[in-house]
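We count ligands from 1, going down the list as the structure has it; atoms in each ligand are counted the same way. Throughout, numbering of the chain's residues begins at 1 and tracks the sequence. A quick note: this is a predicted structure, and the numbers were derived from the prediction, not measured.
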Amino acid sequence: MQIENIATEPYNDQNPGTSGLRKKVRIFQQPGYLENFVQSIFDSLEGFTGQTLVLGGDGRYFNRIAIQIIIKIAAANGFGQLIIGQGGLLSTPAASHIIRKYKAFGGLILSASHNPGGPDEDFGIKYNVSNGGPAPEKYTDAFYQRSQIIDSYKTAKIDDVDLDRIGPQQIDELKITIIDPVTDYAELMQSIFNFNLLKQSISSGYISLLFDAMSAITGPYAKRILVDMLGASPESVINAEPLEDFGGHHPDPNLAHAHELAERMFSADAPTFGAASDGDGDRNMITGSNIFVTPSDSLAIIAANAHLIPAYSKGISGVARSMPTSQAVDRVAANYNIPCYETPTGWKFFGNLLDAGKITLCGEESFGTGSDHVREKDGLWAVLFWLNLIARKRQSVAGIVHEHWQKFGRDIYCRHDYEAVENSIANGIVEHLRSQLPTLLGQSFGEYVVKFADEFSYEDPIDGSTSQNQGIRIGFENGSRIVFRLSGTGTVGATLRIYIERFEADASRHDQDAQEALGDLIALAEQFCEIKKRTGRTAPNVTT
Ligand code: G1P
Ligand code: ZN
């Protein structure tokens with residue numbers, strides 16, 4: 001194999017965020033941009049000569065081109081085998097599973113998750129380590145350091161690889177194996193859930209379902225698992241064809257973006273169960289007939305009922321949630337006397353806890369839920385979990401949610417996102433919040449007395465690494481919280497996220513609308529951060 005060393009100049013903006021490097025496609029198309037970053041990753045890793053690398057993406061615009069570029073760089077750097085999803089496709093949880101199953105050295109996942117796709121939209125790349133999970137910060141820091149001084153990359157002079165032909169191909173010393181993207185993942189799901197029970201519940205009509213793949217990666221997965229294996233009707237999977245631009249939509253599973261699903265689920269003839277996933281298949285939105293389940297509640301309900309699912313029937317070792325996720329799962333953990341960990345935002349912080357067996361389940365308020373079966377959040381896993389639960393409990397989604405609230409109380413929750421805020425204004429807001437922290441303690445705002453006001457920092461209980469400045473939190477004596485964070489995944493300006501929660505024990509008040517029930521706290525959040533005042537905006541771009 002002929003290998004070329006190509007001289008290059010560093011780019012100064014290749015610092016991975018919450019989940020890999022995400023930029024506009026046009027940025028990735030600059031000469032050497034992708035090449036530099038991939039070479040920086042390989043330069044920061046050791047011991048992969050002759051080893052296996054998994055490669056796949058969510059199929060967005062630039063996916064195929066990027067895969068061909070990466071194949072050549074990986075070949076030149078000495079990998080022995082590349083396992084690639086057919087057509088260059090792999091959902092993020094499937095990639096995580098394949099890294100683990102085939103004992104790969106690591107994997108490169110091409111995705112910008114729920115961000116829009118297309119020539120003028122977003123692209124992304126992230127490296128996952130051998131446990132199948134996103135590279136921890138010590139790696140991503142090293143990639144960034146390297147990218148700032150890189151002066152050349154290696155590439156192999158080989159032809160483009162036929163990504164559509166399943167099976168092995170040999171190019172000199174490099175083996176390339178194109179696999180069906182769905183098969184391994186579908187088998188894994190079958191080993192976790194009770195597929196026979198699900199088949200019966202669907203064929204008998206007890207469960208009717210609607211899944212919105214949002215023209216993204218989960219279409220083929222949902223068709224194989226829900227339709228072919230579980231017998232749901234083909235019409236139960238909508239927007240099932242993955243498109244390079246996701247049909248021009250945000251492939252983000254929430255009520256605003258999955259509007260087709262939302263309309264059906266809040267209509268008179270709504271199916272029993274409705275769900276959606278995102279661009280790369282790791283997020284999930286759960287709804288039932290005329291009810292939306294917040295991701296924080298979904299995590300708590302999953303934890304409380306895990307023993308009803310075959311793979312978790314022996315119980316769960318512990319749970320974890322990202323800091324801004326509501327405290328609903330904490331109540332379940334306390335009730336079951338198992339540990340509950342609070343981590344910074346981003347799935348990479350769950351990896352060590354999962355590897356050490358400290359936790360079985362984890363989740364984030366941002367529509368992410370998962371377990372120790374892989375090291376990524378997993379959209380279809382959550383969908384199958386809920387379906388299995390409905391079938392096993394013989395209860396509706398609303399029935400399950402209300403029963404849960406009755407037992408544990410309800411953590412009323414919402415998140416407000418202000419997107420594309422000018423960077424200087426966003427930084428000013430963070431500075432303003434920071435400056436108030438020392439004086440807030442003990443102050444009263446109506447019924448709310450400040451119990452703590454700080455910036456969240458985390459010490460990993462397994463490897464002792466620390467992560468500072470992970471969001472500003474203001475907590476009150478009655479358990480309510482307001483959290484402020486700047487997004488680490490946006491590609492335009494800054495996105496301010498405001499997370500608000502309040503606990504309601506009284507079952508007669510559990511049906512309140514979250515925005516109304518949180519009205520006082522929402523006003524208080526504005527008083528603290530002044531986002532509306534400083535930007536002139538009147539409302540958040542997205543409320544979840
Ligand atoms: C967002 C979510 C976070 C999630 C990440 C990747 O990151 O808030 O929970 O892990 O996307 O899906 P953010 O943009 O807030 O940094
Ligand atoms: Zn995603």
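Ligand 1 places these atoms under 4.0 Å from at least one heavy atom of Glu364: 3 (C), 4 (C), 9 (O), 10 (O). Near Gly488, meaning under 4.0 Å from any of its heavy atoms, are these atoms of ligand 1: 13 (P), 14 (O), 16 (O). Contact atoms of ligand 1 toward Arg497: 8 (O), 13 (P), 14 (O), 15 (O) (distance under 4.0 Å to a heavy atom of the residue). Close contacts of ligand 1 with Thr345, meaning ligand atoms under 4.0 Å from a residue heavy atom, involve 3 (C), 8 (O), 9 (O). Of all atoms in ligand 1, numbered sequentially from 1 with element shown, those under 4.0 Å from a heavy atom of Ser366 are 2 (C), 3 (C), 4 (C), 8 (O), 9 (O).
Between Arg321 and Glu342 there is a salt bridge, with a side-chain nitrogen of the basic residue lying less than 4.0 Å from a carboxylate oxygen of the acidic one. Of the charged side-chain nitrogens involved, at least one lies within less than 4.0 Å of a carboxylate oxygen, so that Lys126 and Glu376 count as a salt-bridged pair.
Of the N or O atoms in Arg485, one or more lie within a sub-3.5 Å distance of an N or O in ligand 1.
At a cut-off of 2.8 Å, Asp280 is counted among the residues with an N, O or S atom near the Zn ion (ligand 2). Taking backbone and side chain together, Thr92 holds no N, O or S atom under 2.8 Å from the Zn ion (ligand 2).
With a 4.0 Å cut-off on non-hydrogen atoms, Arg415 touches ligand 1 through its side chain and not its backbone.
Taking the six-membered ring for Trp and the full ring otherwise, the centers of Phe123 and Tyr61 sit at least 6.0 Å from each other.
Checking Gln327 against Glu501 by side-chain atom types alone, a donor-acceptor pair falls below 3.5 Å.
Under a 4.0 Å heavy-atom criterion, Gly368 is not in contact with ligand 1.
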